[in-house]
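Input: a single structure, listed below in structure tokens.
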Amino acid sequence: MGRLGKSRSGSADISATARTDTADNTTAAPPVEGRTKEDKDAPPEPLPGRAVDDIAGSPSLSAKCARRALSRPISDDDDALLLAAEQLVRLKAKRNPILLFFIDGYSAFKVFGTYLISLESIFGCLLSIGATIYAYYETQDKPGWDGAMDWVLLSFAVITPMSVSVGMAFRRRERALQDLTVLRSCAYQIYLAHACWDWGKGDPGGRAKSAVTTIGEADNDRWLRHSDEALTELVHIGDELFRFLTLPTASRARHRVTRTGRSEAAGTIDVAHRLFVSLLTHRMARVTKLTEVLKKSGMPGNEASRVRQWERFLGEAVEDLRMIKLYRTPQALRSFARLFTVFLPPFYAPTYAQLGRDTNSLGLGIAFACITSLALTALFESIRVLEDPFVAHLTLDGIDVHEELTVLHYYQLVNARGIFYPHAAEFAMEQDLAIQEGDKISQFSRTSSYVRMAGNVTV
């Protein structure tokens with residue numbers, strides 16, 4: 001399993017490889033050693049074209065830069081590599097308006113065909129085509145017939161409610177993003193409090209004095225062990241929240257009104273409740289107990305209350321994410337939209353047939369019927385894919401909770417540990433989580449989703 005930042009030696013190997021890749025560039029960015037403060041404050045010189053070409057020609061350098069960025073804090077020795085990667089990203093960004101016109105157009109068609117065309121779309125189109133052909137030939141012998149119909153029913157009975165539903169679903173997604181922001185920020189501050197906050201006056205402070213045992217010997221690893229316990233619980237909260245949020249959706253119509261759907265929902269909700277009890281009840285209780293250790297060691301009450309406040313904010317964010325996951329927009333409104341987007345357009349077949357007769361082209365009437373049906377079903381599909389915002393592996397607009405909770409959350413905390421305890425052994429979880437997916441077992445990965453999408457890292 002490929003992981004970001006397996007060890008310090010691994011990072012050193014990456015640096016060595018990157019230096020080897022650019023060894024032929026005698027005019028590349030100067031090494032950091034020996035640079036004065038004025039050199040560091042000056043704006044960086046652009047890399048020569050050959051240096052950038054060499055970097056772009058290295059198939060694994062972008063993955064190495066991603067691993068470096070996440071696996072440990074960027075040090076002064078990494079300035080040249082980071083500068084090269086940054087300039088490469090800026091140079092590779094496409095700015096040609098003509099090229100972007102074709103690429104964006106192709107992307108829009110691909111998104112529409114992949115994510116917005118469903119079985120409902122195909123079925124609705126077939127119904128509209130059949131009804132249009134029937135109306136066209138049925139009225140051929142009626143010269144005075146006029147099939148024009150008013151579009152008010154379609155506009156106010158279908159499009160307006162669905163537009164409101166899109167807004168409701170998008171606001172839920174934005175609320176979930178805010179909750180993830182609060183959760184990660186509070187978790188980070190909680191770890192900082194356990195890892196480095198000091199109290200008392202003088203040198204050493206209260207944290208160092210409290211590390212002395214009853215027999216007068218210094219226990220230098222006490223606070224490392226303490227902060228690692230807090231780190232472990234906070235990482236597990238992120239991991240288990242990721243597993244909870246990516247469980248299958250159990251709040252669709254079939255989960256309420258059919259026997260098989262209720263059985264499926266019962267199994268999913270049972271697992272969801274157990275995961276939620278573990279991540280919030282058990283692990284937050286352990287974090288609270290660790291704060292009590294700080295208080296017993298001498299942390300003032302005002303500082304401890306601030307940590308308690310962060311714990312509360314973190315718990316509220318997790319609870320809000322649970323509500324967003326389990327409770328969705330009105331079920332009756334979604335059922336209404338599903339039915340009317342499929343079955344209402346065929347009732348406008350006389351209008352499509354009239355258009356075909358006025359233009360002497362049945363094909364034009366059929367095309368208009370298909371466009372109307374596709375537009376309505378695609379609008380409904382856009383609502384459906386936003387209903388559960390935590391499924392980025394299935395929809396384009398979903399929140400990438402794997403990236404936020406198992407990659408960035410993890411490395412943010414681990415990198416902070418490296419700052420406060422630079423000589424400590426590498427932090428490692430007790431075990432990797434294996435999740436059964438059919439006949440294939442995939443390991444719980446700390447690899448960035450964007451690195452995997454680029455195809456540069458094997459997981």
Problem - NZ/NE/NH1/NH2 to OD/OE distance under 4.0 Å, Arg274 and Asp270 - result: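 Salt bridge between Arg274 and Asp270, a charged N being under 4.0 Å from a carboxylate O: yes.
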Problem - Salt bridge Glu174-Arg171, side-chain N to carboxylate O under 4.0 Å - result: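 Result for this pair is no, no salt bridge flagged.
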Within this structure, what is the [atom1]-[atom2] distance for the pair [X] and [Y], rounded to the nearest 0.5 Å?
X	Y	atom1	atom2	answer
Leu326	Leu245	CG	CG	9.5 Å
Ile237	His409	CD1	NE2	7.0 Å
Asp198	Met299	CG	CE	9.0 Å
Leu180	Arg184	CG	CZ	8.5 Å
Phe420	Cys196	CZ	SG	3.5 Å
Trp223	Asp228	CH2	CG	13.0 Å

Would you say [X]'s side chain and [Y]'s backbone share a donor-acceptor pair under 3.5 angstrom?
X	Y	result
Thr351	Met149	yes
Ser128	Cys125	no
Arg173	Ile399	no

Exercise for the section: With Arg207 as the cation and Trp197 as the aromatic partner, state whether NZ or CZ is under 6.0 Å from the six-membered ring centre and within 45° of the axis. Expected result: no
Handout entry: Within 45° cone of Phe276 ring axis and under 6.0 Å: Arg322 NZ or CZ
Key =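 Yes, a cation-pi geometry.
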Practice task
Evaluate side-chain contact (heavy atoms from CB on, under 4.5 Å) for Leu280 paired with Leu241, printing each intermediate quantity in order.
Solution key: CA-CA 9 Å; Leu280 189 61; Leu241 183 59; over 6 Å; no
Handout entry: side-chain contact (heavy atoms from CB on, under 4.5 Å) evaluation trace for Ser251 with Lys325
Key = CA-CA 9 Å; Ser251 56; Lys325 175 67 178 179; over 6 Å; no
Practice task
Please test Thr246 against Phe242 for side-chain contact (heavy atoms from CB on, under 4.5 Å), starting from the C-alpha separation and ending with a verdict.
Solution key: CA-CA 6 Å; Thr246 54; Phe242 159 71; 3.7 Å; yes
Exercise for the section: Can you establish whether the number of heavy atoms outside Leu99 located under 6.0 Å from its atom CG is more than 12? Expected result: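 More than 12 heavy atoms, drawn from other residues, nucleotides or ligands, come within 6.0 Å of this atom.
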Practice task
Kindly check if the number of other-residue, nucleotide or ligand heavy atoms within 6.0 Å of CZ (Phe336) is above 12?
Solution key: yes
Going by heavy atoms in the side chains, are [X] and [Y] under 4.5 Å from each other?
X	Y	answer
Arg254	Glu264	yes
Phe244	Val271	no
Glu303	Val307	no
Phe380	Ser165	no

Compare every heavy atom of [Y] with every heavy atom of [X], then report the nearest pair and how far apart it is.
X	Y	result
Asp179	Ile324	OD2-CD1, 3.9 Å
Pro346	Gly124	CG-O, 4.5 Å
Leu116	Ser382	CD2-N, 4.0 Å
Leu192	Ala416	CD2-CB, 4.3 Å
Ser373	Ser121	OG-O, 4.3 Å

Exercise for the section: Walk me through it: do Leu376 and Leu154 pass the test side-chain contact (heavy atoms from CB on, under 4.5 Å)? Expected result: CA-CA 10 Å; Leu376 291 179; Leu154 190 65; 3.5 Å; yes
Exercise for the section: For His255, enumerate each residue passing the ring pair (Phe, Tyr, Trp, His ring centres under 6.0 Å) test, keeping only those at least two apart in sequence or located in another chain. Expected result: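 Ring pair (Phe, Tyr, Trp, His ring centres under 6.0 Å) list for His255, sorted by chain: empty.
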Exercise for the section: Could you check whether the rings of Phe343 and Phe123 sit parallel, tilted or perpendicular, using 30° and 60° as the cut-offs? Expected result: perpendicular
Practice task
Fit a plane to each ring of Phe368 and Trp151, take the angle between them on a 0 to 90° scale, and name the class: parallel (under 30°), tilted (30 to 60°) or perpendicular (over 60°).
Solution key: perpendicular
Contacts of type salt bridge (charged side-chain N to carboxylate O under 4.0 Å, His left out), residue [X], not counting sequence neighbours:
X	answer
Arg175	Asp320
Arg334	Glu387
Glu86	Arg90

Exercise for the section: Decide whether Asp388 and Thr249 meet the rule of one side-chain donor and one side-chain acceptor closer than 3.5 Å. Expected result: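 Indeed, the side chains of Asp388 and Thr249 share at least one donor-acceptor pair under 3.5 Å.
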Handout entry: No-hydrogen, no-angle side-chain donor-acceptor test under 3.5 Å, Ser278 and Glu240
Key = yes
Exercise for the section: Just grab all the side chain to side chain donor-acceptor pair (under 3.5 Å) pairs involving residues 305-317, residues at least two apart or on different chains. Expected result: Thr288-Glu311, Thr291-Glu311, Glu292-Arg308, Arg306-Gln309, Arg308-Glu311, Arg312-Glu316
Problem - Summary of side chain to side chain donor-acceptor pair (under 3.5 Å) pairs that have at least one residue in residues 96-110, sequence neighbours excluded - result: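 Found none.
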